[in-house]
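See structure below.
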Amino acid sequence: MGSVPAALAATDKPLLAVLRGARQERPPLWLMRQAGRYLPEYRALRAEKGGFLDLVNDSAAAAEVTLQPIRRFGFDGAILFSDILVIPHAMGQDLRFVAGEGPRLSPKLADSALAALAPRPERLAPVYETVRRVKAALAPETSFLGFAGSPWTVATYMIAGEGSREQAETRRYAYRDPQEFGAIIAAIVDWSVDYLSGQIDAGVDAVQLFDSWAGSLAPEPFERWVIAPTAEIVARLKARHPDTPIIGFPKGAGGKLAAYARETGVDALGLDETVDPGWADAQLPAGLPVQGNLDPLALIAGGAPLRAAVDRVLAAFADRPHIFNLGHGIQPDTPIAHVEALVAQLRGRG
């Protein structure tokens with residue numbers, strides 16, 4: 001991947017410039033799940049609005065949540081406050097969030113056919129309105145990230161009706177009936193392209209594909225159900241929006257990361273905390289921007305362990321376009337003072 005001319009990098013949003021291939025002396029910063037339960041202002045608004053899905057579908061409230069960490073920490077990127085399961089909800093499944101247990105989708109596709117669902121595309125309208133509201137409020141230098149779940153991860157929830165540790169039910173389904181499972185994946189691809197395109201039209205600068213359960217697959221299914229559908233989304237989205245960068249985040253992919261980077265066409269690669277950053281820098285295509293990969297628990301620990309962990313990540317990616325982030329989402333019990341310390345350590349550079 002080629003570098004971007006210095007003149008362009010200097011006038012661009014720092015995070016967006018990195019996604020386009022420009023290395024920054026101080027890597028731009030955002031954190032996965034930065035708008036969430038570790039913030040008292042989020043907890044207050046959540047208590048006022050009620051359930052999680054109610055908050056997601058209240059565009060004014062969702063925009064406020066998106067902006068809260070930007071106001072508090074001045075991150076270089078804002079990420080849309082929503083959820084990956086809005087797509088199955090729009091595809092016709094009922095969606096609810098059970099306190100202490102997580103999401104529930106019905107009817108689960110392990111027991112029901114995809115064709116039995118009645119699509120409800122209007123359920124995505126509040127997300128686009130949230131994007132428009134946030135875009136109008138963001139400072140010009142702050143990049144705005146949209147997102148969707150990748151087809152494999154979304155399918156695991158649609159088939160099992162809930163999250164699971166090993167995604168065994170969905171993996172069995174894919175082996176038992178690859179034709180029907182392929183139809184489910186193809187439908188999710190179609191919806192994802194339209195959904196991400198809608199976010200871009202409404203104002204996001206870049207998008208991220210979250211494949212939270214990619215690590216549960218063996219190499220051949222990984223090629224079939226992670227790499228191939230992601231490559232199709234990227235190609236189709238690029239045909240509509242050639243200038244919008246796409247970040248791929250296949251959590252747990254490990255040694256399959258290099259193939260994912262080569263074959264999907266993503267503009268940048270998110271790395272989870274289990275990936276050795278030195279190995280990643282050596283194995284990934286030269287010049288490919290990377291994002292990550294501080295352990296969220298190091299952020300909770302704070303102090304000297306946090307400073308050392310940050311330095312290790314920075315050193316590994318010193319010669320590559322790099323967006324500093326966690327290797328997964330920020331934990332609810334993360335002390336705000338530790339996030340402030342992280343920002344201060346990074347902003348003290350360059």
Side-chain angles (χ1 to χ4, degrees), residues 12-20 28-36 55-70 75-90 121 123-151 153-154 188-212 229-230 232-250 264-270 289 291 323 325 329:
D12 209 348
K13 303 178 181 187
L15 193 153
L16 198 58
V18 171
L19 291 175
R20 290 173 174 161
L29 166 69
W30 71 280
L31 302 178
M32 286 182 276
R33 292 190 193 148
Q34 64 188 21
L55 190 56
V56 167
N57 287 328
D58 183 329
S59 296
E64 168 62 21
V65 172
T66 303
L67 293 166
Q68 284 173 346
I70 306 304
F75 291 138
D76 298 290
I79 187 161
L80 170 68
F81 179 74
S82 186
D83 192 86
I84 66 169
L85 298 183
V86 297
I87 282 194
H89 195 217
R123 287 174 167 169
L124 297 176
V127 177
Y128 305 139
E129 177 59 21
T130 299
V131 172
R132 287 188 285 268
R133 287 172 177 264
V134 173
K135 186 68 172 181
L138 279 179
E141 67 273 14
T142 305
S143 299
F144 188 12
L145 304 174
F147 73 93
S150 292
T153 289
V154 173
I188 297 170
V189 167
D190 289 343
W191 278 85
S192 299
V193 171
D194 287 343
Y195 177 51
L196 291 169
S197 184
Q199 292 182 35
I200 295 166
D201 288 338
V204 302
D205 298 310
V207 296
Q208 176 159 310
L209 287 165
F210 284 87
D211 218 338
S212 305
T230 301
E232 183 176 353
I233 290 173
V234 170
R236 290 170 59 180
L237 203 58
K238 288 291 187 183
R240 298 188 193 184
H241 305 279
D243 297 325
T244 301
I246 302 170
I247 307 166
F249 179 56
T264 61
V266 295
D267 298 287
L269 187 63
Q291 178 178 276
I323 296 165
N325 206 319

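Quick caveat, the model's predicted, so the values are computed rather than measured.
Counting all heavy atoms, side chain and backbone alike, Ala62 lies closest to Phe81 at O-CB, 3.7 Å. Shown here for Arg132 and Ala202, the closest heavy-atom pair between the two residues is CG-O, 3.7 Å. Heavy-atom minimum distance, His241 versus Ser197: NE2-OG, 2.7 Å. Between Ser212 and Thr153 the shortest heavy-atom distance is N-OG1, 3.0 Å. Shown here for Tyr195 and Val127, the closest heavy-atom pair between the two residues is OH-CG1, 3.4 Å. Between Ile247 and Gly270, the shortest heavy-atom contact is CG2-N, 4.1 Å.
Ion pair Asp194/Arg236 not flagged as a salt bridge, since none of the NZ, NE, NH1 or NH2 atoms sits closer than 4.0 Å to an Asp/Glu carboxylate oxygen. Under a 4.0 Å N-O distance rule, the pair Arg240/Asp201 does not qualify as a salt bridge.
To the nearest 0.5 Å, atoms CD1 (Ile79) and CD1 (Ile70) are separated by 10.0 Å. For the atom pair OH (Tyr128) and CD1 (Ile200), the distance works out to 10.5 Å, reported to the nearest 0.5 Å. Between Leu124 atom CG and Ile87 atom CD1 the span is 6.5 Å, to the nearest 0.5 Å. Rounding to the nearest 0.5 Å gives a distance of 13.0 Å between CZ of Phe249 and OG1 of Thr230. Note: Ser82 OG to Leu55 CG = 10.0 Å, rounded to the nearest 0.5 Å.
A donor-acceptor pair is defined here as one N or O able to donate and one able to accept, closer than 3.5 Å; such a pair exists between the side chain of Ser59 and the backbone of Pro126. Put simply, the side chain of Asn325 gets close to the backbone of Met32: a donor and an acceptor are under 3.5 Å apart. Side chain of Ser143 to main chain of Gly77: no donor-acceptor pair is present (N/O by atom type, distance under 3.5 Å, no hydrogens or angles).
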Listing, residues 133-142 side-chain donor-acceptor contacts under 3.5 Å, not counting sequence neighbours, or none:
| residue | atom | partner | partner atom | Å |
| --- | --- | --- | --- | --- |
| Arg133 | NE | Glu129 | OE2 | 3.1 |
| Lys135 | NZ | Gly203 | O | 3.2 |
| Lys135 | NZ | Asp205 | OD1 | 3.0 |

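Phe75 has its side chain within reach of Leu31: a pair of non-hydrogen atoms, C-beta onward, lies under 4.5 Å apart. Inter-residue side-chain proximity for Pro121 and Trp191 is flagged as met; some heavy-atom pair is nearer than 4.5 Å. Side-chain contact between Pro151 and Ile233: present, with at least one pair of heavy atoms (C-beta onward) separated by less than 4.5 Å.
Under the 30°/60° scheme for interplanar angles, the aromatic rings of Phe210 and Phe147 are found to stand perpendicular.
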Check the pair Leu209, Leu196 against side-chain contact (heavy atoms from CB on, under 4.5 Å), reporting the backbone distance first and the verdict last. CA-CA 10 Å; Leu209 287 165; Leu196 291 169; 3.9 Å; yes
Any chance you could lay out the side-chain contact (heavy atoms from CB on, under 4.5 Å) test for Leu237 and Val207, step after step, and finish with the verdict? CA-CA 10 Å; Leu237 203 58; Val207 296; 4.0 Å; yes
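Applying the side chain to side chain donor-acceptor pair (under 3.5 Å) rule to Trp30 yields the partners Gln291; only residues at least two apart in sequence or on another chain are considered. Considering only residues two or more places apart in sequence or on other chains, Asp58 meets the side chain to side chain donor-acceptor pair (under 3.5 Å) condition with Lys49.
Between Lys238 and the options Thr244, Asp267, Asp243, a side-chain hydrogen bond (donor to acceptor under 3.5 Å, both in side chains) holds for only Asp267.
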